[in-house]
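Keep in mind that the numbers below use all heavy atoms, side chains included, and drop hydrogens, waters and symmetry copies. All chains are named by letter (A, B, ...) in the order of the sequence lines, taking the proteins before the strands, and each is independently numbered beginning at 1. Source: prediction; values computed, not measured.
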There are 2 protein chains.
Amino acid sequence: MPKTSGSQPETLSRLRAMTQKQEQILQGAMQVFLRDGYAGTSMDRVSAEAGVSKQTIYSHFQDKEGLFKALIERVTIASFQGIFCTEDLHGEPAILLREIAETYLTKVAENSEYLALFRLIITESQRFPELAKLYTQTVIQRGRLLLSQYLASHPELGISDPEATAQIFFGSLVSYVMVQEMLYGKEMMPLSRDRILDSLMSLVLAHTSKDH
Amino acid sequence: MPKTSGSQPETLSRLRAMTQKQEQILQGAMQVFLRDGYAGTSMDRVSAEAGVSKQTIYSHFQDKEGLFKALIERVTIASFQGIFCTEDLHGEPAILLREIAETYLTKVAENSEYLALFRLIITESQRFPELAKLYTQTVIQRGRLLLSQYLASHPELGISDPEATAQIFFGSLVSYVMVQEMLYGKEMMPLSRDRILDSLMSLVLAHTSKDH
DNA sequence: GTCTATAAGAGGATAGAC
DNA sequence: GTCTATCCTCTTATAGAC
């Protein structure tokens, strides 16, 4: 065992460093957990997917619950960074707001991992309240705060309650993706990305200039 | 076996009539399935909750899957009727739109069954696509159609795309409830019902009259 | 550290009494 | 039709070889 195990600096406050074997296990675990949920996942499938034996998993993680928590914490933190950290949040509202919405929809459409994580957080919000709370704190709260601060700094938009409006803004995007991608809206009642974007911009920017 | 089993009229197109024992089983099954999900539910717990033996369940339903499908179909159809069928959808927009939103939020807040069903539909949307599609068709599509027709019949609202706007309208309500009630937003970042209602009305009614 | 083999138990489904 | 008792598979977790 390494002598420095107790004093190494952590890359992120809540994220301990992982060895390569642990990364390999988490990679396999992600495939299975995100697809089949917690109860629907067996450790046999995780070991098969990760290409290691079951005992190896148990030597690195305490049990199924410990593995699941470590995985979700990791993916949750990566999720916020993937969506928001490339954004600057300053610029012309008519351009920036559309950019934020487009970025979100594109990221989620391209990378099904975001959507799978969101579904899993909802699914297991009763069994693992601490994971749901981490998600709320890390992704939702910070996203809402970021946008509401921007909205508050642009009084020309005529928005009286930036926090509530930010919740509505992101909420309409999330629910759109949920219906289209998870609940088979795409094939049963198609509604294009651009129509949602146009209507959302029209609602939020209503007080600024006539756009016809 | 009854002679008339093949020719009895059905109360609803997709809903076969249930005997009293079957109702009792479904009532117990609802408690467990809505709380623990499909994989997390054992037939032993269902039988205990329903107050019948396990074999009685298997004599009325083919297997766990058959029971689950019968239950969700029933609850899904009841859900739409519970939320929308009391609504008329005509009247002054400033009043009616707020009424719709308030009704939805109140119903969901009062009766956690609506929320539990929604979570379960999302959770099991991969395992049971036909149930998710039934929900989309029965609840989401009809809700969106109802509202979009109303919006289209009120050109003074200045809404260029009623369908997309209806999706945004309901979507923002659904996501608000999801965050507050399922993801512990209520305790971590409280945001009152009235603030969401006020901001949503302000967005949708922006083109009609100055409200300050 | 990693693997194979196995113990211990839970859960879906059925057989047979009444 | 309903209940009690049972079968058998699958799953978590561990023991022991290398």
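- Side-chain atoms of B/R35 and B/T41 form no donor-acceptor pair, as typed in the model, at a separation below 3.5 Å.
- B/S53 and B/T56 share a donor-acceptor pair across their side chains, judged by distance under 3.5 Å alone.
- Regarding contacts with the backbone of D/dT2, a side-chain N or O of B/H60 is found under 4.0 angstrom from either OP1 or OP2.
- A/D161 places a side-chain N or O within 3.5 Å of a backbone atom of A/A164 that can act as its donor or acceptor partner.
- From A/I72, atom CD1 reaches atom CD of A/E130 across 11.0 Å, with rounding to the nearest 0.5 Å.
- Within 4.0 Å of A/S53, counting heavy atoms only, lies at least one base atom of the nucleic acid.
- Residue A/T41 is in sugar-phosphate contact alone, with no base atom involved, counting any heavy-atom pair closer than 4.0 Å across all strands shown.
- One atom, CD1 of A/I57, and another, C1' of C/dG1, lie 14 Å apart when rounded to the nearest Å.
- Looking at heavy-atom distances under 4.0 Å, A/S47 makes no contact with the nucleic acid at all.
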- Task: Would you mind building the protein contact string for nucleotides 13-18 of chain D? One character per nucleotide, 5' to 3', B for base within reach (heavy atoms under 4.0 Å), S for sugar-phosphate only, - for untouched.
- Result: BBB---
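- Between B/T56 and D/dC3 there is a side-chain N or O to OP1 or OP2 distance below 4.0 Å.
- One interatomic measurement links the two molecules: CG of B/L67 to P of C/dG11, which rounds to 16 Å at whole-angstrom precision.
- What separates CZ of B/F61 from P of D/dG1 is a distance of 13 Å, to the nearest Å.
- The A/K21 side chain lies nearest to C/dT2 when the options are C/dT2, C/dG11, D/dT2.
- The aromatic rings of B/F128 and B/Y38 sit perpendicular, their planes meeting at an angle over 60°, well past the 30° parallel limit.
- Summarising the geometry, atom CG belonging to A/L115 is positioned 11.5 Å from atom CD belonging to A/Q180; distances are rounded to the nearest 0.5 Å.
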